[in-house]
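To keep things clear, I will list the structure first and then write my remarks on it.
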Number of protein chains: 2
Amino acid sequence: MGLSYVEENYLKAILKLSGVPDGLVSTNAIAAQLSTSAASVTDMLKKLSDKDLIAYQRYKGASLTNAGQRIATHLVRKHRLWEVFLVQTLGMTWDEVHDIAEQLEHIQSDSLIDRLDTFLEYPKFDPHGDPIPNAEGKYSVRAQVPLSKLTEGQQGIVIGVREDETAFLKHLSEKGLTPGKMIRMLTNDAYDHTIRLVVDDKELNLSGQVASNIMIKLK
Amino acid sequence: MGLSYVEENYLKAILKLSGVPDGLVSTNAIAAQLSTSAASVTDMLKKLSDKDLIAYQRYKGASLTNAGQRIATHLVRKHRLWEVFLVQTLGMTWDEVHDIAEQLEHIQSDSLIDRLDTFLEYPKFDPHGDPIPNAEGKYSVRAQVPLSKLTEGQQGIVIGVREDETAFLKHLSEKGLTPGKMIRMLTNDAYDHTIRLVVDDKELNLSGQVASNIMIKLK
DNA sequence: AATTAAATTTAGACAAATCTAAAAATAATT
DNA sequence: AATTATTTTTAGATTTGTCTAAATTTAATT
């Protein structure tokens, strides 16, 4: 028997939050990520622990087991392959595909995903610039740096963003900051974290906050 | 707020069973269709009736309201468009797509379905030969007759089947009876309902039961 | 028409996933 | 170290969809 939609979302959330400190993800962090209550998270952590998909200790936090990581990574693979399909094959825009892929990632069929991968010609990155794990769960890497780290005069290409909120992506689209765009840094003020840059021969201001979520491949 | 996965399946089941008598679908018929208990069906019928998606009278049966029919027809449209995608674009076989489409039909995004329809170039029939409702819910019709009605010497093309059980479809695939195939009737015994016909220059026997579920377009 | 059979509904219970409010454990501050 | 604040867990209730068993209604038979 497979996992429920909900269980899968918990595993994905834990994977997403696993980047931090010692790999232990807190109850509150998961609750925030999934917009649910801490009490609900505790219940589910027990359940996933019983299934040996996470290692969990009361009051300490949780981390994925190998089995849990395999499942979560496969979900990421499916999500990102579907995003490529939606943008590349169906012509949707960059900022409207996340919520649909969030549904499509739960479709159960390995044969379907293998064939989709083949049809799309084995893409390595999704439309937001994030790497797509292969069938064995391995990621490709690409040298990238947050836009906020660039110094005056440096140039590069937008390859992706770290957030996937629709509002944020729409905001960037309106400014012309979509993957593939060439940019050049004009001023990057170290004190008030305000940034000024050039895209498509137009000058643009950004907050340091926003800039730290835009990933650049240096030229 | 949209409907749940389960509610959608009930509406689809009622639509599927609506062909019969006076359009009233019985509790037991729905229970059999969905492999659930009659008691569960009764509960759900009340719920769908409260939402004005079906007209329901205790002990009498249920029928779809206009609103319910619209939703159910849209589900059928999504299911069949996805089947075309799976076969035509991803190269899956005729007999393995039903269960996957059963999941995909619940994905919520009108924009996605419109674009899929465009990408597939507005197909009118799915790989099993069933008509695909357009965005307004209208079906195309195609003159067709069950294989069991053909008389000796008549020829035609297989355009679809009535069943969608994987085992049944696999059985037909093995015999070479897939949509598009030209067939010619040899003998159709009115008494023991046994049929003999030619496909791909090979002779074949079929039971009347099986033949009545294979639809033919006469030449 | 009375009885039997079948279909349908009600009653009560259960599992999954969620919530709020209160209790317990851990972390931070004075 | 003692107190306060934060985080996490427990307790108990709720919703959705399901089930079995019993009661009721409708249909079929004798």
Side-chain angles (χ1 to χ4, degrees), chain A residues 1-14 17-18 20-64 68 71-72 75 102-103 105-106 108, chain B residues 1-14 17-18 20-64 68 71-72 75 102-103 105-106 108:
Chain A
M1 293 143 290
L3 300 179
S4 76
Y5 194 101
V6 174
E7 290 170 317
E8 290 191 338
N9 281 341
Y10 271 88
L11 291 180
K12 233 188 57 166
I14 296 169
L17 297 168
S18 286
V20 279
D22 50 351
L24 269 195
V25 180
S26 77
T27 300
N28 259 2
I30 299 170
Q33 174 69 32
L34 297 177
S35 302
T36 186
S37 72
S40 302
V41 174
T42 299
D43 288 345
M44 185 56 83
L45 292 185
K46 283 184 204 157
K47 197 174 161 188
L48 294 174
S49 181
D50 287 344
K51 294 189 178 187
D52 288 320
L53 297 174
I54 63 170
Y56 167 60
Q57 278 182 289
R58 272 165 46 259
Y59 293 104
K60 297 280 187 110
S63 63
L64 294 171
I71 294 171
L75 283 165
E102 203 73 9
Q103 300 177 59
E105 72 190 10
H106 297 287
Q108 310 255 312
Chain B
M1 294 139 291
L3 300 179
S4 75
Y5 193 101
V6 174
E7 290 170 317
E8 290 190 339
N9 282 341
Y10 272 88
L11 292 180
K12 234 188 57 166
I14 296 169
L17 297 168
S18 285
V20 278
D22 50 351
L24 270 196
V25 180
S26 77
T27 300
N28 259 2
I30 298 170
Q33 174 70 31
L34 297 177
S35 301
T36 187
S37 74
S40 302
V41 174
T42 299
D43 288 345
M44 184 57 82
L45 292 184
K46 283 184 202 157
K47 197 175 161 189
L48 293 174
S49 180
D50 287 345
K51 295 189 177 185
D52 288 320
L53 298 173
I54 63 171
Y56 167 61
Q57 277 182 291
R58 273 169 40 263
Y59 294 102
K60 297 281 187 104
S63 62
L64 294 171
I71 293 171
L75 284 165
E102 202 73 9
Q103 300 177 60
E105 72 189 12
H106 297 288
Q108 309 256 314

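Since this is a predicted model, take the numbers as computed values, not measurements. Throughout, protein chains are lettered first and strands after them, A, B, ... in sequence-line order, and every chain is numbered starting at 1.
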Nearest-angstrom distance from the residue atom CG of L45(A) to C1' of dT7(D)
13 Å
Does dT10(C) have OP1 or OP2 sitting under 4.0 Å from an N or O in the side chain of T42(B)?
no
Whole-Å gap separating C1' (dT18(C)) and OH (Y10(A))
8 Å
Give the rounded distance in Å between these two atoms: CD of Q57(B) and P of dT25(D).
16 Å
Could you state the atom-to-atom distance from CG of L48(A) to P of dA16(C) in whole Å?
13 Å
Look up atom CD in E102(B) and atom NZ in K12(B), then write down how far apart they are to the nearest 0.5 Å.
3.5 Å
Given atom CG of N28(B) and atom P of dA27(D), what is their separation to the nearest angstrom?
14 Å
What is the separation between atom NZ on K60(A) and atom C1' on dT8(D), rounded to the nearest whole Å?
13 Å
Any side-chain N or O of S40(A) less than 4.0 Å from the OP1 or OP2 oxygen of dC19(C)?
yes
Minimal heavy-atom distance between L64(A) and A72(A), with the atoms involved, is CD1-CB, 4.2 Å
Measure the spacing between CD1 of I14(B) and CG of N9(B) and express it to the nearest 0.5 Å.
11.0 Å
Indicate, with a heavy-atom threshold strictly under 4.0 Å, whether S37(A) touches base, sugar-phosphate, or nothing.
base
Give every donor-acceptor pair under 3.5 Å between a side-chain atom in residues 48-63 of chain A and any protein atom, sequence neighbours left out.
unit_1 : atom_1 : unit_2 : atom_2 : d
K51(A) : NZ     : E7(A)  : OE2    : 2.8

Within the structure, does a side-chain N or O atom of S26(A) lie under 4.0 Å from either OP1 or OP2 of dT7(D)?
no
Short side-chain N/O contact from K46(B) to OP1 or OP2 of dT10(C), under 4.0 Å:
yes
Toward the 5' end of DNA chain C, by each residue's nearest nucleotide, Y59(A) or A39(A)
A39(A)
When rounded to whole Å, the CG to C1' distance for the pair D43(B) and dC14(C) reads 13 Å
Regarding Y5(B), tell me which of base, sugar-phosphate or nothing describes its non-hydrogen contacts under 4.0 Å with the strands shown.
nothing
Phosphate oxygens OP1/OP2 of dA16(C): is one of them under 4.0 Å from a side-chain N or O of S4(A)?
no
Reading DNA chain C from 5' onward, which residue's closest nucleotide shows up sooner: R58(A) or V41(B)?
V41(B)
Of all the choices, dT9(C), dC19(C), dT9(D), which nucleotide is nearest to the side chain of Y56(B) once you look at every atom?
dT9(C)
Looking at every heavy atom in both T36(A) and Y10(A), which two are closest together, and how far apart are they?
CG2-OH, 3.9 Å
Could you tell me the separation between the CE atom of M44(A) and the P atom of dC19(C), rounded to a whole number of Å?
11 Å
